[in-house]
Visitor: 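Submitted below is the structure of interest, expressed as structure tokens.
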Amino acid sequence: MDIRLFHIFRNTPLGRETLLQSLYFCQKVGTSLLIYIPQHTKFLMYFENDVVQVDLDSSYLTAPHNARRHAEELAESCGMVPSFFTPKHFTASTLPDIPTRFEFMCCPRSISDLHSKIGLGYIGPRVRRIVKSARFPVLMTSGAHKEWRRITVFFGGSANAVKALRLGLRIGQKTGYPLDLFTQVEKGDEKDYRAVVASAGLEAAVAEGVHRWRFFKEGSFEENLYEVPHDALLIVGAFGHGVIRDVIFGNMMEKIQSIMPNNFLIAGPHCTAGS
């Protein structure tokens, strides 16, 4: 089966950086790349439990005459030949339907807000809806192309942390890069977190595939984030508890995405990758 990463191309310098990050991810993980060059500022994504209307900002329609050539040139520079997605179905004449049967999707931290809001510490509401509804993990990129040569999974013992761990083991196996686990001990002790791993049937996989499991018992979570390697792909499970702001991500997820400049992969509540 062809494993694909879906990428919405923005024909701007910022979009170039984002596409380079998708290309790098595809090379390392061994996936093909499917690029969508939008011709409209809106589209619909039909998920099993939700329909998300994405409103792109106008920069996604920049210079349509050379958008495909730019994307092809970037892919060629990485030794890849991408496929291009052309919508076949429309809910309205300017509202194409985008299928959701991908294995990964790349999103900048915002795909529908002003450039001034795109940066660390802000994830747009449409991206949050996609993460919440998707069966695929979402690759969220930093502003500039950044290669990663390690993997760090944040493991706090929740159900979605287990999803992130399964995904991390899969990515570690695909890439051959060392995989670390990061645990901020909040309740109980190390053995409690290891018991969660054992109950999920991952004890042997962790013993074989994890390079280092670091437990942080002292210091704040924010302080300990400094210990995460700068060249690590972060893998995080989002979860669905809490007040409105935390419906998708949870407090720790919000802290990670607002502090860390790394690329990261988010496993949402419905994500099935790695299972």
Side-chain angles (χ1 to χ4, degrees), residues 1-12 14-27 29-113 123-141 265-273 275:
M1 184 180 71
D2 186 24
I3 300 175
R4 300 175 300 172
L5 181 145
F6 182 63
H7 183 103
I8 306 166
F9 182 57
R10 183 187 340 224
N11 191 26
T12 66
L14 179 63
R16 177 181 60 200
E17 299 299 310
T18 307
L19 181 54
L20 284 171
Q21 312 226 51
S22 281
L23 288 163
Y24 184 79
F25 182 89
C26 289
Q27 285 179 308
V29 178
T31 70
S32 61
L33 179 63
L34 182 63
I35 296 176
Y36 173 47
I37 299 176
Q39 297 183 350
H40 308 282
T41 56
K42 302 177 187 294
F43 62 82
L44 289 179
M45 298 188 80
Y46 285 90
F47 295 98
E48 187 171 329
N49 300 307
D50 194 11
V51 179
V52 178
Q53 178 175 318
V54 176
D55 302 288
L56 303 172
D57 66 71
S58 59
S59 69
Y60 278 87
L61 304 184
T62 300
H65 63 283
N66 62 16
R68 177 160 177 155
R69 176 166 62 83
H70 281 173
E72 288 175 331
E73 288 174 349
L74 287 171
E76 184 179 355
S77 71
C78 298
M80 292 189 65
V81 179
S83 299
F84 288 87
F85 171 76
T86 301
K88 296 180 180 177
H89 303 287
F90 290 76
T91 297
S93 59
T94 59
L95 193 59
D97 302 339
I98 305 294
T100 57
R101 293 181 180 178
F102 312 114
E103 284 67 42
F104 300 95
M105 178 178 177
C106 175
C107 281
R109 299 192 184 210
S110 174
I111 57 176
S112 59
D113 291 276
I123 294 179
R126 303 302 185 184
V127 176
R128 291 170 185 265
R129 285 274 300 277
I130 292 171
V131 171
K132 179 183 178 182
S133 303
R135 291 188 173 276
F136 49 77
V138 172
L139 174 65
M140 204 164 292
T141 61
L265 198 58
I266 305 175
H270 298 290
C271 180
T272 57
S275 59

Visitor: Using a 4.5 Å cut-off on heavy atoms from C-beta on, say whether the side chain of Thr18 contacts that of His7.
Guide: yes
Visitor: Below 4.5 Å, heavy atoms only, C-beta onward: do Phe47 and Lys132 meet side chain to side chain?
Guide: no
Visitor: Can you find a pair of side-chain heavy atoms, one from Phe104 and one from Ile3, that are under 4.5 Å apart?
Guide: yes
Visitor: Do you know which two heavy atoms are closest between Thr12 and Ser59, and how far apart they sit?
Guide: CG2-O, 3.8 Å
Visitor: Is it the case that the side chain of Ser22 and the backbone of Leu19 share a donor-acceptor pair, with hydrogens and angles ignored and the cut-off at 3.5 Å?
Guide: no
Visitor: Do Thr62 and Asn11 have side-chain N/O donor and acceptor atoms under 3.5 Å apart?
Guide: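 Looking only at side-chain atoms, Asn11 and Thr62 do not form any donor-acceptor pair under 3.5 Å.
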Visitor: Considering only heavy atoms from C-beta outward, does the side chain of Glu103 approach that of Phe136 to under 4.5 Å?
Guide: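 Sidechains of Phe136 and Glu103: no contact.
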Visitor: For the atom pair OG (Ser83) and CG (Asp2), what is the distance rounded to the nearest 0.5 Å?
Guide: 7.0 Å
Visitor: More than 12 heavy atoms of other residues, nucleotides or ligands under 6.0 Å from CD of Glu73: is that the case?
Guide: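 Check passes, neighbour count above 12.
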Visitor: Distance from Asp57 atom CG to Arg10 atom CZ, nearest 0.5 Å?
Guide: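 Between atom CG of Asp57 and atom CZ of Arg10 there are 5.0 Å.
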Visitor: Can you check side-chain contact (heavy atoms from CB on, under 4.5 Å) on Leu56 and Phe43, steps first, answer last?
Guide: CA-CA 8 Å; Leu56 303 172; Phe43 62 82; 4.0 Å; yes
Visitor: Is the shortest heavy-atom distance from the side chain of Pro96 to the side chain of His40 under 4.5 Å?
Guide: yes
Visitor: Any salt bridge linking Arg129 with Asp50? Criterion: basic side-chain nitrogen under 4.0 Å from a carboxylate oxygen.
Guide: yes
Visitor: As an exercise, state the distance from CG of Leu34 to CZ of Phe84, rounded to the nearest 0.5 Å.
Guide: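 Reported value, rounded in 0.5 Å steps: 9.5 Å.
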Visitor: Parallel, tilted or perpendicular: which one describes the rings of Phe6 and Phe102, with boundaries at 30° and 60°?
Guide: parallel
Visitor: Nearest 0.5 angstrom please: Ile37 CD1 to Ile35 CD1, how far?
Guide: 6.5 Å
Visitor: If you compare all heavy atoms of Tyr46 against all heavy atoms of Thr91, which two are closest, and at what distance to 0.1 Å?
Guide: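 In terms of heavy atoms, the two residues are closest at OH-OG1, 3.1 Å.
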Visitor: What distance do Lys42 atom NZ and Leu95 atom CG have between them, rounded to the nearest 0.5 Å?
Guide: 8.0 Å
Visitor: May I ask you to test the Met80-Gln27 pair for a side-chain heavy-atom distance under 4.5 Å?
Guide: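 Yes, side chains in contact.
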Visitor: Write down the atom of Cys26, the atom of Leu5, and the distance for their closest heavy-atom approach.
Guide: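 Closest pair (atom of Cys26, atom of Leu5, distance): SG-CB, 3.8 Å.
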Visitor: With a 4.5 Å cut-off on side-chain heavy atoms, are Ile8 and Val54 touching?
Guide: no
Visitor: What is the distance from atom CD1 of Ile266 to atom CE of Met140, rounded to the nearest 0.5 Å?
Guide: 3.5 Å
Visitor: On a heavy-atom basis, which atom in Thr141 and which in Cys106 lie closest, and how many Å separate them?
Guide: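 Taking Thr141 first and Cys106 second, the nearest heavy atoms are CG2-SG, 3.7 Å.
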Visitor: What are the two closest heavy atoms between Gly15 and Phe9, and how far apart are they?
Guide: O-CE1, 4.1 Å
